[in-house]
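I'd like to ask you about the structure that follows.
Throughout, a chain's letter reflects where its sequence line sits, starting with A, and its residues are numbered from 1.
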Amino acid sequence: EVHLVESGGGLVQPGGSLRLSCAASGFIFSNYWMSWVRQAPGKGLEWVANIKEDGSEKYYVDSVKGRFTISRDNAENSLYFQMNSLRVEDTAIYYCARKLAVAGTSYFDSWGQGTLVTVSS
Amino acid sequence: AIQMTQSPSSLSASVGDRVTITCRASQGIRNDLGWYQQTPGKAPKLLIYGASTLQSGVPSRFIGSGSGTDFTLTISSLQLEDFATYYCLQDEYYPYTFGQGTKLEIK
């Protein structure tokens, strides 16, 4: 069974940094793209970043480019999200998700339970 | 970025009703659209991918259709467990974009 467990969320001041982790199990982690998706309190879902199986390609939503970095350690079956220069508007639950590609399309078939990041002074 | 316009934003319906949610993309996205269901306090759950393919384990009352710019999610006969918020997601172009969501409530 696929299992994704996020950790590392918490309260941080504006301008601060935080590193999220996502521990993966139940599948061959190195065979899949992985993603981060966030949800501000009471708001909708927002895709934030993707990383290719081997880490060679990374994509970000414009609002986090230059501040956040997605990475992975396939030996440790772990996904990471380094978040720098945090802003109040980055406050959200951050989900890691597995991206499955099949027959020319792709989708997020498995999600973690999320970790809450609160940016506030 | 591609805008995904989802409607309605909220919907009241009864058990047994047939309901339809629509998503319109600001430009063509072929069939690279998925539908996700989210209940309060939970992670999203994939229902439909490739616009019309039912994810394994999802009941057949969930039906997706469309291609290009116009997509629909139909629930043929609402069950109690279907009252939730639904999102479409395009993953044809970066940045991926979600619709704003449709909250389905019990009438």
Side-chain angles (χ1 to χ4, degrees), chain A residues 1-7 9 20 22 24 27 32-52 57-66 68 70 92-116, chain B residues 1-10 21 23 28-58 62 64 66-68 71 73 84-103:
Chain A
E1 182 188 358
V2 174
H3 210 46
L4 299 170
V5 180
E6 302 94 335
S7 60
L20 306 184
C22 173
F27 65 103
Y32 294 87
W33 285 71
M34 296 296 296
S35 304
W36 288 98
V37 175
R38 68 184 178 183
Q39 186 168 37
K43 302 296 185 184
L45 299 168
E46 180 183 34
W47 170 82
V48 185
N50 274 4
I51 186 167
K52 195 177 178 180
E57 293 181 34
K58 303 175 184 181
Y59 300 90
Y60 302 91
V61 69
D62 283 352
S63 59
V64 309
K65 280 181 185 174
F68 293 6
I70 190 171
I93 296 171
Y94 286 74
Y95 296 100
C96 75
R98 185 177 80 166
K99 187 166 101 85
L100 195 61
V102 64
T105 190
S106 65
Y107 48 91
F108 299 132
D109 72 323
S110 299
W111 298 66
Q113 84 290 349
T115 188
L116 176 62
Chain B
I2 293 178
Q3 304 291 327
M4 300 301 297
T5 303
Q6 187 173 339
S7 62
S9 56
S10 64
I21 300 167
C23 253
I29 56 169
R30 301 189 304 159
N31 69 335
D32 284 334
L33 183 111
W35 289 98
Y36 296 80
Q37 177 194 63
Q38 188 179 34
T39 54
K42 300 286 191 179
K45 173 189 172 184
L46 174 69
L47 300 175
I48 301 278
Y49 63 91
S52 60
T53 303
L54 195 65
Q55 169 70 343
S56 175
V58 174
F62 291 93
S67 183
F71 302 87
L73 172 69
T85 300
Y86 294 85
Y87 296 91
C88 61
L89 168 67
Q90 73 81 19
D91 58 2
E92 170 71 359
Y93 298 106
Y94 284 114
Y96 293 175
T97 42
F98 285 91
Q100 66 268 45
T102 295
K103 187 173 183 179

**Asked** Which heavy atom in B:Gly64 sits nearest to a heavy atom in B:Ser52, and how many Å separate them?
**Response** O-CB, 3.2 Å
**Prompt:** For B:Thr97, which residues count as a side chain to side chain donor-acceptor pair (under 3.5 Å) partner, sequence neighbours excluded?
**Reply:** B:Gln90
**Fill in**
Hits for salt bridge (charged side-chain N to carboxylate O under 4.0 Å, His left out) against A:Glu1, two or more places apart or cross-chain, chain-then-number order -> none
**Message:** For A:Asp62, which atoms come within 4.5 Å of any heavy atom of chain B: side chain, backbone, both, or neither?
**Reply:**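 A:Asp62 has no heavy atom closer than 4.5 Å to chain B.
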**Prompt:** Looking at A:Asp109, A:Asn50, A:Val102, which makes the most heavy-atom pairs under 4.5 Å with chain B?
**Reply:**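 Of the options given, most contacts go to A:Asn50.
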**Asked** Where does A:Glu46 contact chain B at under 4.5 Å (heavy atoms): side chain, backbone, both or neither?
**Response** backbone
**Asked** To the nearest 0.5 Å, what is the distance between CZ (A:Phe108) and NZ (A:Lys99)?
**Response** 6.5 Å
**Contacting moiety of B:Glu92, where chain A heavy atoms sit under 4.5 Å** =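 Nothing of B:Glu92, per the 4.5 Å heavy-atom cut-off to chain A.
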**Request:** Assess the pair A:Tyr60 and A:Phe68: is the distance between their ring centroids shorter than 6.0 Å?
**Result:** no
**Prompt:** For the residue pair A:Trp111 and B:Tyr36, is the inter-centroid distance of their aromatic rings smaller than 6.0 Å?
**Reply:**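 Yes, the ring centres sit under 6.0 Å apart.
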**Message:** Heavy-atom pairs under 4.5 Å with chain A: which of B:Lys45, B:Gln38, B:Gln100, B:Lys42 has the most?
**Reply:** B:Gln38
**Message:** Counting heavy-atom pairs under 4.5 Å with chain B, which one of A:Gly44, A:Ser106, A:Ser35 comes out on top?
**Reply:**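 Looking at each option in turn, the highest pair count goes to A:Ser106.
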**Asked** Looking at B:Gly34, B:Ala51, B:Pro44, which makes the most heavy-atom pairs under 4.5 Å with chain A?
**Response** B:Pro44
**Request:** Select one option (side chain, backbone, both, neither) describing which atoms of A:Tyr95 are under 4.5 Å from chain B's heavy atoms.
**Result:** side chain
**Request:** Under 4.5 Å heavy-atom distance to chain A, tell me which part of B:Tyr87 shows up: side chain, backbone, both or neither.
**Result:**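 Side chain only.
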**Prompt:** Side chain, backbone, both or neither: which part of A:Val48 has a non-hydrogen atom closer than 4.5 Å to chain B?
**Reply:**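 For A:Val48, there is no contact with chain B at all, as no heavy atom is under 4.5 Å.
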**Item:** CG-SG distance between A:Leu4 and A:Cys22, expressed to the nearest 0.5 angstrom
**Value:** 4.5 Å
